[in-house]
Number of protein chains: 2
Amino acid sequence: MSGLAEIARAAGVSISTVSRVLNRRAGVNEETRQRVLSVLSEMPYTPRGLGALQRTGVIGLLVPELSNPVFPAFAEALEVRAARLGYSSLLCNTRATGSAAMGEEEYVRMLLARGVEGMVFVSPEITNVEVPLGRAPRPSYYAKLLADGVRMVFVNGATPSLDVPDVTVDEQHAGYAATRHLVELGHRRIGFVSGPARSLPSRLKRAGWSAALEEDGLPAGSEYVAHAPFGPEGGAAAVAALLDAVRPTAVICSSDHMAIGVLREAHRRGLAVPRDLSVVGFDDIPLASYCSPALTTLAQPIEEMATAAVDELAHRLDPDRRRRPAGNYTRVFRPRLVVRESTAPPPPS
Amino acid sequence: MSGLAEIARAAGVSISTVSRVLNRRAGVNEETRQRVLSVLSEMPYTPRGLGALQRTGVIGLLVPELSNPVFPAFAEALEVRAARLGYSSLLCNTRATGSAAMGEEEYVRMLLARGVEGMVFVSPEITNVEVPLGRAPRPSYYAKLLADGVRMVFVNGATPSLDVPDVTVDEQHAGYAATRHLVELGHRRIGFVSGPARSLPSRLKRAGWSAALEEDGLPAGSEYVAHAPFGPEGGAAAVAALLDAVRPTAVICSSDHMAIGVLREAHRRGLAVPRDLSVVGFDDIPLASYCSPALTTLAQPIEEMATAAVDELAHRLDPDRRRRPAGNYTRVFRPRLVVRESTAPPPPS
DNA sequence: GTCACGCCGGCAAGGTTTTGCGGTGACCGC
DNA sequence: GCGGTCACCGCAAAACCTTGCCGGCGTGAC
């Protein structure tokens, strides 16, 4: 029952004025315009005649960033699968750097207004346990979307409290398997080059890492963990801190992207990988096998995950089978250890 | 002047029927419904009530692929600039692999139907001189868009015959500068690891390459050029062919992405870079400085180019200054030689 | 052959949005 | 203080879309 009249009443202006705001016509005071727009964002306005846009064949893909190649890889895999199912994809980069950049929530609004039928969130904002001030999605943000009937699927966005289907790698197992690999090679001082502390995936990997270490009574204290921003620079900084402090003979990393920075920092210090330092990455980005040395890493099954995510979304979009037996909405994929050249037994101390 | 009447006429049905389709009411044959919908996608329908969408603040970004990190980098830079100007961006990956994937033209249609105000094409399809059969944009494709008043800007899409503003690097100069750098180091057999022959940028680089070689009377025949698909695999394959045939002491590459494959293939063959083989890339992707050895490359000024492109588009979107003095629509940026570790004088033969 | 039924067009009433026009008030120069 | 100008906004007419109703047409069943 939303119409101009209701908007007008809420904004305390006439219908004409709302219409003019909507049509960006001149003759409306900026202040009034803002008031109308703010009302409009509270109660999204869907003109009549937009019925056709209900079934648009378009879905939204939200990724946190593009500089880590794993996200373009996910985007491409999701897109290919979506195309096969007859959907076209709109990609949004939700955490683009730059002060004026838009956040996830703004993008979701925009996509909805553009008539997408559903969305796939890759590493959604909610996995930031403490989101930075001012950018925080209100607690009810995703819940509100759900209540509005927005169809969505998370990829690597584990959120037990939310009734959103989730396709995820077992991050904890990834941390565990990477660390076991190093332990079995004989390493005893194994560091963790971690992303920011607020990142849930990094926390889960850390849990796996410490579990693997404690099995053999190896040190798993916080002095063996270095947090840094995602990206090669962060990886380099984190491993530098670890090397200066506890001199690990091996490190695992939150991502291949960070691991690349680790490789670089080791090179800069004259440390040979894997002779002096073993490195394990995560994700298995396409470039991992092209590094020198080629990265040992835990592979996310990107295509399988993308397929599962898009299929689940398509399933929920299909008007015929919209209801679904309440059940396990989470699909967990096991990462796969890919041993390449960046790991070896530790140097004889 | 779009209204239900026009749609109805084009679809050969009555206004009532169109309205019923739009509102998903029963009593319309599926076949008729499809016909109306297809007309609707041809001439995007903007109900009066949709005036809000006339000025949507949304622009489309079309990139050919995401696996070469230069494209995510461009996308991010474009997006940041657009956000600063109050636009949000929708990203489309126009040449996603997979048979069912959508092409550039389909994406453009879809974006238009979703109400974008303008578009930035990065390396548009038109730069494929001979596009593969079946995917060919009809000759009039871009011209038709222009005639329809679609606002667009090309990045690296030099097309003198089309009245589209273009922001581009000087590809020919890039090829020239890279080759000169190698010539000055003393190389005399310099190969070109090129993308597909149909790629215009690769052709331009080749022109620069041969110009630089001919200045010194060095060989610039086609036996020194190896074409391969873009990507590391292509780079590896192309350099393998060159090494087997003419044994160059240095190569330049169509992209850093290909150069990474060259590095890998050299490593595989036990050739040390730069001792046995010098390599020059193009683009200066963020990872170029993290390779081992770090890549010498020609840097595209990505941020400046993105800024110029978005600003030009915004300028054309601004209703107040829509007209523009007819003039030079092309901005050419000089690539910058960044010397790192992958080039050195040739081995003493 | 007849009937039922689904589908579509025409019409008109009713609702919604757009837009031309005029009123109001702020501001400015005199 | 006065009149003029201008931006801004509401009124109301016009334009447009939705929807119910009915009739025509073709198809297929009986």
Side-chain angles (χ1 to χ4, degrees), chain A residues 1-56 109-110 112-115 117 148-149 319-320, chain B residues 1-58 86 112-117 148-149 317-322:
Chain A
M1 272 305 108
S2 90
L4 291 202
E6 196 180 344
I7 308 286
R9 197 149 20 83
V13 296
S14 74
I15 292 179
S16 319
T17 304
V18 177
S19 173
R20 273 188 275 259
V21 169
L22 287 173
N23 291 284
R24 311 273 143 148
R25 300 185 72 83
V28 179
N29 191 6
E30 181 58 26
E31 194 182 321
T32 311
R33 212 175 67 82
Q34 286 306 329
R35 198 164 69 244
V36 172
L37 286 178
S38 88
V39 170
L40 221 50
S41 68
E42 302 275 308
M43 42 169 88
Y45 161 67
T46 38
R48 316 164 62 88
L50 234 87
L53 306 185
Q54 300 287 100
R55 179 77 182 74
T56 54
R109 264 188 212 299
M110 189 266 282
L112 253 18
R114 304 261 75 59
E117 293 184 56
D148 286 351
D320 293 339
Chain B
M1 274 308 110
S2 94
L4 290 204
E6 198 181 342
I7 307 287
R9 198 148 20 81
V13 296
S14 73
I15 292 181
S16 315
T17 302
V18 177
S19 176
R20 275 188 275 260
V21 169
L22 286 171
N23 291 281
R24 314 235 149 248
R25 301 188 71 82
V28 179
N29 191 1
E30 181 58 26
E31 195 182 320
T32 310
R33 211 175 68 83
Q34 287 306 328
R35 197 164 71 245
V36 172
L37 286 178
S38 88
V39 169
L40 225 47
S41 68
E42 301 275 306
M43 44 165 81
Y45 160 67
T46 41
R48 310 175 57 86
L50 253 156
L53 305 186
Q54 297 288 97
R55 175 87 179 68
T56 54
V58 179
L112 253 17
R114 303 261 78 56
V116 301
E117 292 183 56
D148 287 351
L317 256 27
D318 187 335
D320 293 341
R321 345 174 189 139
R322 201 158 266 184

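All chains are named by letter (A, B, ...) in the order of the sequence lines, taking the proteins before the strands, and each is independently numbered beginning at 1. FYI, side chains are in, hydrogens and waters are out, and symmetry mates aren't considered; it's all heavy atoms of this structure.
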(message) If we count only N and O atoms by modelled type, under 3.5 Å, do the side chains of A:S16 and A:S19 hold a donor and an acceptor together?
(response) no

(message) In whole Å, I'd like the distance from the CZ atom of A:R9 to the P atom of D:dG10.
(response) 14 Å

(message) Distance check needed: D:dC9 C1' versus A:I7 CD1, whole Å only.
(response) 18 Å

(message) Once rounded to the nearest 0.5 Å, what's the spacing between atom CD1 of B:I7 and atom OG1 of B:T17?
(response) 13.0 Å

(request) Give the rounded distance in Å between these two atoms: CZ of B:R35 and P of C:dC7. (result) 14 Å

(message) Please confirm whether the shortest side-chain N or O distance from A:S16 to OP1 or OP2 of C:dT19 is below 4.0 Å.
(response) no

(request) Spell out yes or no: do the side chain of B:R20 and the base of D:dG20 have one donor N/O and one acceptor N/O closer than 3.5 Å? (result) no

(message) Below the 4.0 Å mark, does D:dT18 have OP1 or OP2 next to a side-chain nitrogen or oxygen of B:S19?
(response) yes

(request) Grab the CD-P distance between B:E6 and D:dC17 for me, whole Å please. (result) 11 Å

(request) Using a strict 4.0 Å threshold on nitrogen-to-oxygen distance, state whether A:R9 and A:E6 make a salt bridge. (result) no

(request) Rounded to the nearest angstrom, tell me the gap between atom CD in A:E30 and atom P in D:dC9. (result) 11 Å

(message) Could you tell me if the side chain of B:E30 sits less than 4.5 Å from the side chain of B:R33, heavy atoms only?
(response) yes

(request) Respond yes when some side-chain nitrogen or oxygen of A:T17 is under 4.0 Å from OP1 or OP2 of D:dC9, and no when none is. (result) no

(message) Looking at D:dC8, I'd like to know if its phosphate oxygens (OP1 or OP2) sit under 4.0 Å from a side-chain N or O belonging to A:N29.
(response) yes

(request) Give the rounded distance in Å between these two atoms: CD1 of B:I15 and P of C:dC11. (result) 11 Å

(message) Just the rounded figure in Å: distance from C1' of D:dA7 to CD of A:E31.
(response) 14 Å

(message) Just to be sure I understand the rule, does A:V18 reach a base, reach only the sugar-phosphate, or reach nothing, if contact means heavy atoms closer than 4.0 Å?
(response) nothing

(request) Measure the distance from CG on A:L4 to P on D:dC16 and round it to the nearest whole Å. (result) 17 Å

(message) Main chain of A:A11, side chain of A:R35: is a donor-acceptor contact present, judged purely on distance under 3.5 Å?
(response) yes

